[in-house]
Amino acid sequence: MTQPRFPPHLHGRARADRLLSTLSGVAVVYTRLSSLSGRRRPPVATVDRDLPMVVYETKLVADGVKSLRLRRIDGAPLPSWRPGAHLDLVLPSGRVRQYSLCGSPDDPHSYRIAVRRIENGNGGSREIHESVDSGTRLTARGPRNAFPFVSDDSYQFIAGGIGITPILPMVRAAAKAGVDWRLVYTGRDRASMPFLDELSTLDASRVWIRPDTEYGIPASGAELLEQTPANAHVYCCGPIPMITSVRTDLPASRARTVHFERFAEPPIVNGKPFRIELRRTGTTVDVPADRSALEVIRAVRPDVAYSCRQGFCGTCRVRVLDGPDADMLICVGRGTGTIALDL
């Protein structure tokens, strides 16, 4: 296309006029689009993630293990979930605890959890065993998944005691998919191991029930991994010593990788002592190298909110008033020197 020709003394003015005209047109279009966008954008709505639930069935599924089936009070379908997911459950006392979903993801109207009673714990399990029964109303939040089950064609499942709860839906999913899988399930004795009856309906050649009372001593990681299929994903849930042993012995196995979930706070590794000023309480506490800030703070502030003790639920997040970060998860977070918290 031939460009228009201008007298030499008008070249600069013409180019300037064309530039101003182009910019003016762009501005008009942008203004119109912004106006349309503003008119069409819906207002931001607050999302209520609390699920009003009622317990409609309780059952003792092993010595000291109580299962609950919950449904929405209004009977509406529940949010979907995948194996490995858990609920945040608000108990009648106000305590918030996490429990793995161990029912069927194909059931849209009920959730199932199972809880082992811990006598020297922090009270949540005792409350469920003593005060929660059919008809009890609870609030659930979630489901959330910090232990996701990846799709593949080879698995080794390892569960210890109540650690079977997130593993059970994974085993069912693998069996349904027709892939290669193995399960090793350990515990003190058979009476203490929940859901043995449900596992008995699966392919017995793929399931090894290993109570300590029948084998003399707890299994090593090498023993638990002994029958692992080649290139398998290992899913492991149970006591911390069992998980540690599996992770230590994993390189000598045929496994590809290990996924694990603890039901207790993680051990503190290479911790260093520091000091916390509780600004609102007017107290300063020293956190030793081998203890969590949450544990120390609870000695002077027993009302402080917490739940998972593993750093993913966010319940114990506290604003930092003087320190390098804006906030702190006091169950796992650590500081340097002295920090001040809004507590």
Side-chain angles (χ1 to χ4, degrees), residues 45-62 64-117 124-125 127-151 157 159 162-179 181 183 193-202 235 237 261 263 307-308 312-313 315:
T46 301
V47 178
D48 185 1
R49 300 190 182 279
D50 287 355
L51 299 172
M53 310 287 283
V54 62
V55 179
Y56 74 92
E57 179 186 270
T58 66
K59 184 179 180 181
L60 196 65
V61 292
V65 180
K66 182 178 183 179
S67 74
L68 309 178
R69 286 193 180 272
L70 307 100
R71 61 187 176 201
R72 284 186 64 124
I73 292 174
D74 59 8
L78 292 161
S80 61
W81 60 280
R82 290 178 55 81
H86 68 269
L87 287 179
D88 297 336
L89 203 61
V90 184
L91 304 182
S93 65
R95 294 183 177 98
V96 182
R97 296 292 184 267
Q98 281 75 39
Y99 298 108
S100 297
L101 290 168
C102 57
S104 171
D106 296 331
D107 181 357
H109 292 286
S110 73
Y111 290 150
R112 183 177 71 169
I113 62 171
V115 182
R116 183 180 296 283
R117 182 180 180 120
S125 69
E127 181 176 354
I128 284 182
H129 277 258
E130 296 172 3
S131 305
V132 176
D133 213 330
S134 294
T136 301
R137 295 192 173 196
L138 304 168
T139 298
R141 296 171 185 150
R144 294 189 294 153
N145 203 327
F147 191 34
F149 182 52
V150 300
S151 296
F157 302 108
I162 197 64
I164 192 64
T165 50
I167 296 294
L168 184 58
M170 296 183 184
V171 172
R172 289 203 194 99
K176 183 178 179 180
V179 298
W181 62 273
L183 167 67
M193 300 167 68
F195 305 123
L196 288 178
D197 57 338
E198 296 185 21
L199 291 172
S200 68
T201 65
L202 299 172
Y235 279 85
C237 185
E261 184 172 59
F263 283 156
S307 184
C308 73
F312 62 79
C313 77
T315 302

With a 4.5 Å heavy-atom cut-off, do [X] and [Y] have their side chains touching?
X	Y	result
I73	L51	no
Y235	V150	yes
E198	L168	yes
R117	E130	yes
P79	P143	yes
I162	V65	yes
T165	F195	yes
R141	L87	no

Ignoring hydrogens, what is the shortest heavy-atom contact between [X] and [Y]? Give both atom names and the distance.
X	Y	value
C102	R172	O-NH1, 3.8 Å
F147	C237	CE2-CB, 4.4 Å
G124	R97	CA-NE, 4.1 Å
A140	L89	CB-CD1, 4.0 Å
D133	V55	O-CB, 3.5 Å
V132	T58	O-CG2, 4.5 Å

As an exercise, state the distance from [atom1] of [X] to [atom2] of [Y], rounded to the nearest 0.5 Å.
X	Y	atom1	atom2	value
Y56	S134	OH	OG	10.0 Å
L70	S110	CG	OG	8.5 Å
L101	Y111	CG	OH	6.5 Å
L68	M53	CG	CE	10.5 Å
L199	I164	CG	CD1	5.0 Å
I113	S67	CD1	OG	8.5 Å

Considering only residues two or more places apart or on different chains, which pairs with a residue in residues 73-87 satisfy salt bridge (charged side-chain N to carboxylate O under 4.0 Å, His left out)?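 Matches after skipping sequence neighbours: R72-D74.
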Look at the aromatic rings of F149 and F157 and report parallel, tilted or perpendicular, splitting at 30° and 60°.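 Taking F157 first and then F149, their aromatic rings sit tilted (interplane angle of 30° to 60°).
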Lys/Arg N to Asp/Glu carboxylate O, [X] vs [Y], below 4.0 Å:
X	Y	value
R112	E57	no
R71	D107	no
E127	K66	no

For the residue pair T139 / D50, report whether a side-chain donor-acceptor contact shorter than 3.5 Å exists.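 The criterion, which ignores hydrogens and geometry beyond distance, is not satisfied for T139 and D50.
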